[in-house]
Amino acid sequence: MREPENIAGLVKLPINYIGHIFYEKSPRYVSEVIDLPIPKTIKRTGVFVNADRATIKQTILDQQLEAVQLHGNESVALCQEIKDLGVELIKAFGVDDDFQWNELEAYLAAVDYFLFDSKSEAYGGTGKTFNWDKLKTYPYAKPYFLSGGLSLENLAEAYQFDDERLIGLDLNSKFEISAGLKDLDKINKALKIIEHEQISSK
Ligand SMILES: O=C(O)c1ccccc1N[C@@H]1O[C@H](COP(=O)(O)O)[C@@H](O)[C@H]1O
């Protein structure tokens, strides 16, 4: 997110996180967060891909990040070190049919949440879904976010995924007018779908 008006519109909506991508190879790259007031209920989140620890630490301080999403091949030790700074630590993993859940074992104590995205060389933001049936074999209690190609077309299906460990959906490239510019109309529609699914699943 990098356009002040777009951010101001987004933070009026009932969302829990706002993401800023500090990965230079991403078309959504930002070097800094736009300094706007955001409600306390929304966590200012930095997304990093294989950044070094000094860069991540400095960015947390400079940009007042409350959550960090590590989307590359970051080590357990780095996750622990960043989490120990007092930010919420979300560790993303690219999932495909061959993904081995036991890769996550070592990370369990070092992260707050996992995030499962489609495996890709770009590390994220591909707009592609992975085979969600894979999640049926996820063996740990650690809660996770689902991401990767979520769209208005598949959101209801994702929301109905019957797993109490699934605690959030990360809406990214399918909810944009252009890279980094969120389509607020689409986000509103998404929130209505989610609200409808919540009511119908009670
Ligand atoms: O959005 C990006 O450009 C990006 C680049 C590198 C790593 C992560 C990135 N974004 C995250 O990717 C997932 C999936 O996004 P999409 O729905 O498939 O577009 C999501 O968690 C974004 O936060």
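Counting starts at 1 for both ligands and their atoms, in listed order. The structure displayed is predicted, hence computed values, not measured ones. Hydrogens, waters and symmetry mates are skipped; everything else that's a heavy atom, side chains included, is used.
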Counting only pairs under 3.5 Å, give me each side-chain donor-acceptor contact of residues 173-182, with atom names and distances, residues two or more places apart or in other chains.
{"unit_1": "Glu176", "atom_1": "OE1", "unit_2": "Arg28", "atom_2": "NE", "d": "3.2"}
{"unit_1": "Glu176", "atom_1": "OE1", "unit_2": "Arg28", "atom_2": "NH2", "d": "3.0"}
{"unit_1": "Glu176", "atom_1": "OE2", "unit_2": "Arg28", "atom_2": "NE", "d": "2.7"}
{"unit_1": "Glu176", "atom_1": "OE2", "unit_2": "Gly180", "atom_2": "N", "d": "2.9"}

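- With contacts defined as side-chain heavy-atom distances shorter than 4.5 Å, the pair Asn50/Tyr23 does not qualify.
- Nearest heavy atom pair, residue Gln63 against residue Val33, reads OE1-N, 2.8 Å.
- Pairs of residues two or more places apart, or lying in two chains, that qualify as salt bridge (Lys or Arg N to Asp or Glu O under 4.0 Å) and include a residue from residues 29-49 are Lys43-Glu88.
- Phe48 is linked by a ring-ring contact (aromatic ring centres under 6.0 Å, His included) to Phe22, counting only residues two or more places apart in sequence or in another chain.
- A distance limit of 4.0 angstrom between heavy atoms and ligand 1 selects the residues Ile21, Tyr23, Ser26, Arg28, Val49, Gln69, His71, Leu115, Asp117, Ala122, Tyr123, Gly124, Gly125, Thr126, Gly127, Lys128, Ser147, Gly148, Gly149, Asp170, Asn172, Ser173.
- The main-chain N or O of Ile187 is never found under 3.5 Å from a side-chain atom of Lys192 such that the two would form a donor-acceptor pair.
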